[in-house]
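Predicted model only: the values in this text are computed from it and were never measured. Starting from 1, each residue takes its place in the sequence as its number.
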Amino acid sequence: MENAKSVKLVLEDGTEIQGKSFGAFTSAAGEVVFSTAMTGYPENLTDPSFAGQILVLTYPMVGNYGVPGEDLYESISKIFESDKIHVAGLVVNYYSEEHSHWHAAKSLGDWLSEYNIPGIFDVDTRLLTKKLREKGAMLGKIVAEDDVPLHDPNQDNLVAQVSPTEVKHYGSGSNKIVLVDCGTKTNIIRCFLERDVELIRVPWDYDFTQLDYDGLFLSNGPGDPKMCEATIGHLQTALQQDKPIFGICLGSQLMGLAAGGNTFKLKYGHRSHNQPVLLTGTKRSYITSQNHGFAVDTDTLPAEWEMLFENLNDGTCEGIKHKTKPFFSTQFHPEAAGGPQDTEFMFDDFLKAVEEYKEGK
């Protein structure tokens, strides 16, 4: 880009990385994390799980296919994972100002500007990623004209910031599912609506135990799961019953906490479309899409719970299940968007458990 203004990325250890501005020419602070996904930036940037984070994309060229136009399905987006960009900032090596794609409606830079999100390019993202892998996720800031203080988003209740404030209803199928929205990705809703359900989407702190439903779903979301005390309390009540429960990402961590276990912060998290996981007790593995910075400590789970999936890169928990009740979770994203769709069958497994529960009542 000709005449691009100079900006810098400043890390908490004092490292300053010079670059050039695209998107909004403004300053922003957050937690600097990286994703190794090769494509899917429209989905990643609108994923509420990235709230408060400055995202480093390791793929060297970004923006070449632009940003698609909006298209709605059942009042939700067909394309994006929420109704706005959630990252605090974006860091790339090479920004392609010119884009070409049949579905493109605007450039990535223009899209960032619409939401006042700063981007910085001409950065050695390989060197930066190596630093984050060695030291772990770090606080940082993109500095334009006005400086801003460093800020740790994990000290905030990010879930309360991204969760809706009212109950919403979708579909009219035979199975009534409550979706506890802690920052849900839109494709989760799409996956349910494609499977003939009535979906009741409730805020993160809503007392869903008072509702009539056949199955309970716990969504993904940003930040430290221990901030969601209200959700954990309601979930503890639900775990005393036998109605099927399915959790994804943050939902898995909430299930672990409600069951009596503990969670911990990963060094630099799992953010990519190529994370291998192993189904416990088998030799079957799956390639999964992931975006999280916390995980369940399986050593702290009660005896009636066990690990369902294991991360083949670092051995951390990628899902848990109850040994006798229809409660299970995944740390990865079966709905993908973007990423491999190898594990979307888990929605079918959940709804099968719902049908079996209804038949057995």
- Interatomic distance, CD1@Ile177 vs NZ@Lys243, rounded to 0.5 Å, equals 10.0 Å
- Message: Under the criterion side chain to side chain contact (heavy atoms under 4.5 Å, CB included), I'd like the reasoning laid out for Leu128 against Leu9: C-alpha separation, chi angles, the key distance, then a yes or no.
- Response: CA-CA 10 Å; Leu128 176 57; Leu9 174 68; 3.7 Å; yes
- Query: In this structure, are over 12 heavy atoms from other groups packed under 6.0 Å from Lys358 atom NZ?
  - Reply: yes
- Quick check, are the ring centers of Phe80 and Trp111 under 6.0 angstrom apart? yes
- So, does His273 use its side chain to make a donor-acceptor pair with the main chain of Gly338 at under 3.5 Å? yes
- Donor on one side chain, acceptor on other, Thr280 and Glu310, under 3.5 Å: no
- Query: Should the pair Phe208 and His234 be assigned to parallel (<30°), tilted (30 to 60°) or perpendicular (>60°) ring geometry?
  - Reply: perpendicular
- Query: So do the side chains of Asn187 and Cys191 get within less than 4.5 Å of each other, counting heavy atoms only?
  - Reply: yes
- Going from CD on Glu194 to CD on Glu344, what distance comes out if it is rounded to the nearest 0.5 angstrom? 6.5 Å
- Query: Does the side chain of Ile248 reach to within under 4.5 Å of the side chain of Pro334, using non-hydrogen atoms?
  - Reply: yes
- Message: Please report whether the ring centroid of Phe328 lies less than 6.0 Å from that of Phe246.
- Response: yes
- Message: Measuring from atom OH of Tyr65 to atom OG of Ser107, what distance do you get when rounded to the nearest 0.5 angstrom?
- Response: 13.5 Å
- Where do Lys176 and Ile200 land on the side chain to side chain contact (heavy atoms under 4.5 Å, CB included) test, with the steps shown first? CA-CA 7 Å; Lys176 187 180 294 186; Ile200 307 170; 3.7 Å; yes
- Query: Taking side chain as C-beta onward, heavy atoms only, is Leu108 less than 4.5 Å from Leu45?
  - Reply: yes
- Backbone N/O of Asn311 and side chain of Thr316: donor-acceptor pair under 3.5 Å: no
- Query: To the nearest 0.5 Å, what is the distance between CD1 (Ile232) and CG (Asp205)?
  - Reply: 12.5 Å
- Message: In the structure I gave you, are the side-chain heavy atoms of Thr186 and Tyr73 within less than 4.5 Å of one another anywhere?
- Response: no
- Query: Do other residues, nucleotides or ligands put more than 12 heavy atoms under 6.0 Å from Glu229 CD?
  - Reply: no
- Is a donor on one side and an acceptor on the other found under 3.5 Å between the side chain of Asn220 and the backbone of Lys185? yes
- Query: Is Val123 reachable from Phe34 through a run of I, L, V, M, F, W or Y residues, each pair having side-chain heavy atoms under 4.5 Å apart?
  - Reply: yes
- When rounded to the nearest 0.5 Å, the distance separating CG of Leu57 from CE of Met38 is 12.5 Å
- Message: Quick check against the 3.5 Å criterion: does Tyr268 have a side-chain atom that pairs as donor or acceptor with the backbone of Met138?
- Response: no
- Under 3.5 Å, is there a donor-acceptor pair between the side chain of Thr300 and the main chain of Asn262? yes
- Query: Stepwise, does the side chain to side chain contact (heavy atoms under 4.5 Å, CB included) test hold for His333 with Cys249?
  - Reply: CA-CA 7 Å; His333 284 272; Cys249 200; 3.7 Å; yes
- Item | Residue pair Thr184 / Pro48, side-chain heavy-atom distance below 4.5 Å | no
- Message: How long is the straight-line distance from CG of Leu216 back to CD of Gln241, given to the nearest 0.5 Å?
- Response: 9.5 Å
- Can you check whether Val148's main-chain N or O pairs, donor with acceptor, with Lys141's side chain at less than 3.5 Å? yes
- Item | Test side chain to side chain donor-acceptor pair (under 3.5 Å) applied to Asn175 and Glu198, Arg195, Glu355, the passing residue | Glu355
- Could you walk me through whether Lys265 and Glu31 pass the salt bridge (Lys or Arg N to Asp or Glu O under 4.0 Å) check? CA-CA 13 Å; Lys265 194 174 191 308; Glu31 182 182 36; 2.8 Å; yes
- Exceeds 12 heavy-atom contacts within 6.0 angstrom, atom NZ of Lys267: yes
- Message: For the NZ atom on Lys321, are there more than 12 heavy atoms of other groups (residues, nucleotides or ligands in this structure) within a distance under 6.0 Å?
- Response: no
- Message: Would the distance check show the side chain of Ser329 and the main-chain N or O of Gly319 forming a donor-acceptor pair, the cut-off being under 3.5 Å?
- Response: no
- Task: Taking atom NZ of Lys130 as the centre, report whether more than 12 heavy atoms of other residues, nucleotides or ligands fall under 6.0 Å from it.
- Result: no
- Ser272-His270 side chain donor-acceptor pair, cut-off 3.5 Å: no
- Backbone N/O of Thr46 and side chain of Ser82: donor-acceptor pair under 3.5 Å: yes
- Message: Between Lys168 and Asp181 (salt bridge meaning N to carboxylate O under 4.0 Å), is one present in this structure?
- Response: no
- Please lay out, stage by stage, how Tyr95 and Val62 fare under the test side chain to side chain contact (heavy atoms under 4.5 Å, CB included). CA-CA 5 Å; Tyr95 168 58; Val62 178; 5.6 Å; no
- Task: State yes or no: do Val159 and Ile188 share one hydrophobic cluster built from I, L, V, M, F, W and Y residues joined by side-chain heavy-atom distances below 4.5 Å, directly or via other members?
- Result: no
- What about Ile85 and Phe25, same hydrophobic cluster or not, with Ile/Leu/Val/Met/Phe/Trp/Tyr joined at side-chain heavy-atom distances under 4.5 Å? no
- Query: Taking the side chain from Ser163 and the backbone from Gly183, do they hold a donor-acceptor pair closer than 3.5 Å?
  - Reply: no
- Task: Would you check if the side chain of Thr26 reaches a backbone N or O of Pro118 as a donor-acceptor pair within less than 3.5 Å?
- Result: no
- Message: Evaluate Lys325 against Asp242 for salt bridge (Lys or Arg N to Asp or Glu O under 4.0 Å), listing each step before the verdict.
- Response: CA-CA 6 Å; Lys325 292 186 176 184; Asp242 295 321; 3.7 Å; yes
- Message: Side chains of Gln331 and Val277, heavy atoms from C-beta outward: is any pair under 4.5 Å?
- Response: no
- Non-hydrogen atoms of Cys182 and Val162 that approach each other most closely: O-CG2, 3.6 Å
- Message: Would Arg190 and Glu81 count as a salt bridge (Lys or Arg N to Asp or Glu O under 4.0 Å) here? Give the steps.
- Response: CA-CA 10 Å; Arg190 298 186 206 112; Glu81 292 309 294; 3.5 Å; yes
- Task: Mark yes when over 12 heavy atoms from residues, nucleotides or ligands other than Gln341 sit less than 6.0 Å from its CD; otherwise mark no.
- Result: no
- Give the cluster check for Val33 versus Phe121: same hydrophobic cluster or not, with ILVMFWY residues linked at side-chain heavy-atom distances below 4.5 Å. yes
- Task: Treating Ile, Leu, Val, Met, Phe, Trp and Tyr as nodes and any side-chain heavy-atom pair under 4.5 angstrom as an edge, say whether Phe294 and Trp204 lie in one connected cluster.
- Result: no
- Message: If hydrophobic residues (ILVMFWY) are linked whenever their side-chain heavy atoms come closer than 4.5 Å, directly or via other members, who joins Val143 in its cluster?
- Response: Val10
- Item | Flag side-chain contact, heavy atom, 4.5 Å: Thr263 against Lys226 | yes
- ring-ring contact (aromatic ring centres under 6.0 Å, His included) contacts touching residues 138-172 (sequence neighbours left out): none
- Message: Is the ring pair Phe345/Tyr286 parallel, tilted or perpendicular, if the boundaries are 30 and 60 degrees?
- Response: tilted
- Judged by modelled atom types alone, do Glu318 and Gln275 share a side-chain donor-acceptor pair under 3.5 Å? no
